[in-house]
*Asks:* 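Just passing along the structure, written as structure tokens.
No hydrogens, no waters, no symmetry mates; every other heavy atom, side chains included, goes into these values. Numbers here simply count residues along the sequence, with the first being 1. It should be emphasised that the depicted structure is a prediction, and the values quoted were computed from it without experimental measurement.
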Amino acid sequence: MAVIVKYVVERNGEEKMTFTSKSEADAYDKMLDMADEMFTLLSESELFEDEAKQEELSMFLAQKREEVLIALGAKKAKPATKKKVAKPEVVADTPEQEDAA
């Protein structure tokens, strides 16, 4: 018999997600907190009459937290790392290519 530890994120008596690590469960719970705050903010606007759309947008913005912070100027974007591009090998198939090399 195996013992399995599970971390359950629950909101308003409803099980939202189950995780095997506490840090993942905490991160998801924090994301849900952000979505709740975004929903409150969006409900102050008259742009969205449909609560389902407000909730969907709130979850999207909470999931894209880093990008939102960068867009708002609250955080700087990490510099993109340059990938090394391998130089293609020239393979001589014809006598003309061999002469050119």
*Asks:* Applying salt bridge (charged side-chain N to carboxylate O under 4.0 Å, His left out), which residue pairs with at least one partner in residues 21-33 are found, sequence neighbours left out?
*Replies:*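 Passing the test, one end in residues 21-33: R11-D29, R11-D33, K22-D26.
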
*Asks:* Enumerate, atom names and distances included, each donor-acceptor pair closer than 3.5 Å involving a side-chain atom of residues 59-72, sequence neighbours excluded.
*Replies:*
{"from": "E66", "atom 1": "OE1", "to": "K75", "atom 2": "NZ", "distance (Å)": "2.1"}
{"from": "E66", "atom 1": "OE2", "to": "K75", "atom 2": "NZ", "distance (Å)": "3.4"}

*Asks:* Could you grab the distance from atom OG1 of T20 to atom OH of Y7, nearest 0.5 Å is fine?
*Replies:*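 Between atom OG1 of T20 and atom OH of Y7 there are 9.0 Å.
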
*Asks:* Table please: side-chain donor-acceptor pairs of residues 40-48 below 3.5 Å, with sequence neighbours left out.
*Replies:*
{"from": "T40", "atom 1": "OG1", "to": "D36", "atom 2": "O", "distance (Å)": "3.1"}
{"from": "S43", "atom 1": "OG", "to": "F39", "atom 2": "O", "distance (Å)": "3.4"}
{"from": "S43", "atom 1": "OG", "to": "T40", "atom 2": "O", "distance (Å)": "2.7"}
{"from": "S45", "atom 1": "OG", "to": "L47", "atom 2": "N", "distance (Å)": "3.0"}

*Asks:* Looking at E51, I want to see if its CD is surrounded by more than 12 non-hydrogen atoms of other residues, nucleotides or ligands under 6.0 Å.
*Replies:* no

*Asks:* Roughly how far, to the nearest 0.5 Å, is CE of M34 from OG of S58?
*Replies:* 12.0 Å

*Asks:* Please answer whether the main-chain N or O of E14 pairs with a side-chain N or O of N12 as donor and acceptor at a distance below 3.5 Å.
*Replies:*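 It does not hold such a pair.
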
*Asks:* Taking all atoms of both residues into account, what is the closest heavy-atom pair of F19 and V9, and its distance?
*Replies:*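 So the two residues come closest at CE1-CG2, 3.8 Å.
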
